[in-house]
Amino acid sequence: MLAQVTVLNEVDGECVAVERPNGASPVLIICEHASRQLPARFDHLGLTEEALNSHIAWDPGALAVARGLSEALDATLVYQRFSRLVYDCNRPPEAAGAMPERSEVYDIPGNAGLSDEEKKARTDALYVPFHAAIRALIRDRKAVGQDTVIVTVHSFTPVYHGKTRAVEIGILHDDDSRLADGMLAVANAAPQYKVERNEPYGPADGVTHTLILHGVANGLRNVMIEVRNDLIADQAGQGVVTGYLTRLLQQSLDA
Ligand SMILES: [Zn+2]
């Protein structure tokens, strides 16, 4: 008989965190890669401390920017409390990247050759409740007449596979580009950062999963924001970028 696979235990707590649950803004901020924390059971997944601190484990600075936006806009924030290395909540269960065996230059020993039971246990523990919580929030808001605009917040590494990335902020979208178009128009009217559409990656790379699931499928305006992580490595940078993104969002929502 198979031993039951346990992903989260009592010390780990819930995987979903919600802040400002009664935010008045239509914006619902989602941060899938907020945390590098591993559930107690995982014992570093065989990775070095350096790898566990790097962008493969989380999006450095993204949660701080997401919280800043949440405060500035009075917007509800939902984030995943555990590392994307255990389950990447911006990927469907069938995607290889959901529980990657390799990320950029790192092999992930603790993800090598996972059994179907292990994959299902991680999916049920981390992916299912995360997206169910977002679905419930959208439904509850709709019930009281509150609109929802989906905004996901991410960061990316300035150097990937040895190549330096010039783009500073990416405004990403899938089929519904309404909000992205508006933000890009505001950005282009007064250039402050190097802002690009669907960079440093786009829908073909599978990064718009959350947007499709909660935005496109529900006819809700949506956007994915990617910030180069060297710009938000400290509080000062996080504050400047948060102020900038608040302006882009507010002006395009008002337009
Ligand atoms: Zn991310």
Side-chain angles (χ1 to χ4, degrees), residues 15-17 19 27-38 45 47 51-70 77-93 95-100 102-106 108 111 122 126-127 130-131 133-134 150-161 163 165 167-174 179-180 183 193 195-215 222-233 237-238 241-242 245 249:
C15 75
V16 189
E19 295 184 359
V27 170
L28 175 61
I29 300 168
I30 301 171
C31 198
E32 302 97 316
H33 304 151
S35 172
R36 65 185 160 185
Q37 192 184 334
L38 296 177
L45 289 168
L47 290 166
L52 289 170
N53 285 330
S54 80
H55 71 95
I56 73 161
W58 65 320
D59 286 357
L63 180 58
V65 171
R67 281 185 166 142
L69 290 172
S70 168
L77 163 65
V78 186
Y79 68 93
Q80 170 58 255
R81 290 186 52 248
F82 295 102
S83 170
R84 70 203 283 174
L85 290 171
V86 181
Y87 191 104
D88 181 339
C89 279
N90 194 27
R91 295 289 188 285
M99 295 160 263
R102 186 173 171 80
S103 182
E104 204 202 1
V105 295
Y106 301 97
I108 304 159
N111 285 354
R122 291 192 192 186
L126 298 166
Y127 175 84
F130 184 72
H131 288 289
I134 296 168
I150 303 289
V151 176
T152 72
V153 178
H154 294 259
S155 72
F156 63 92
T157 182
V159 180
Y160 190 66
H161 284 294
K163 276 185 75 176
R165 288 160 154 171
V167 57
E168 295 182 308
I169 295 177
I171 303 294
L172 284 70
H173 60 82
D174 205 279
L179 183 55
M183 291 177 72
Y193 289 102
V195 181
E196 302 278 0
R197 180 190 298 271
N198 283 336
E199 291 288 347
Y201 17 70
D205 303 299
V207 300
T208 50
H209 179 61
T210 297
L211 296 188
I212 294 169
L213 206 56
H214 301 294
N222 62 88
V223 74
M224 174 176 180
I225 300 171
E226 281 277 7
V227 183
R228 207 176 65 197
N229 70 31
D230 58 312
L231 299 172
I232 49 174
Q238 289 158 6
V241 168
T242 299
L245 293 174
L249 277 167

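What you are looking at is a predicted structure, and each value in this text was computed from that prediction instead of being measured. Whatever order the structure lists ligands and atoms in, that order sets their numbers, starting from 1. Index from 1, following the sequence.
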- Are the aromatic ring centres of His33 and His55 under 6.0 angstrom apart?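 No, they do not, as the ring centres are separated by 6.0 Å or more.
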
Taking the side chain from [X] and the backbone from [Y], do they hold a donor-acceptor pair closer than 3.5 Å?
X      : Y      : value
Ser83  : Leu38  : no
Arg165 : Pro200 : no
Asn198 : His173 : yes

- Message: side chain to side chain donor-acceptor pair (under 3.5 Å) for Thr210 and Glu32? Distances and angles first, verdict last.
- Response: CA-CA 9 Å; Thr210 297; Glu32 302 97 316; 2.6 Å; yes

- Task: With the Zn ion (ligand 1) as the centre, enumerate protein N/O/S atoms below 2.8 Å in chain and residue order.
- Result: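 You should have found His33 ND1, Asp59 OD2, His154 ND1.
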
- Going by the angle between their ring planes, with limits at 30° and 60°, are His131 and His214 parallel, tilted or perpendicular?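 Rings of His131 and His214: parallel, under 30°.
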
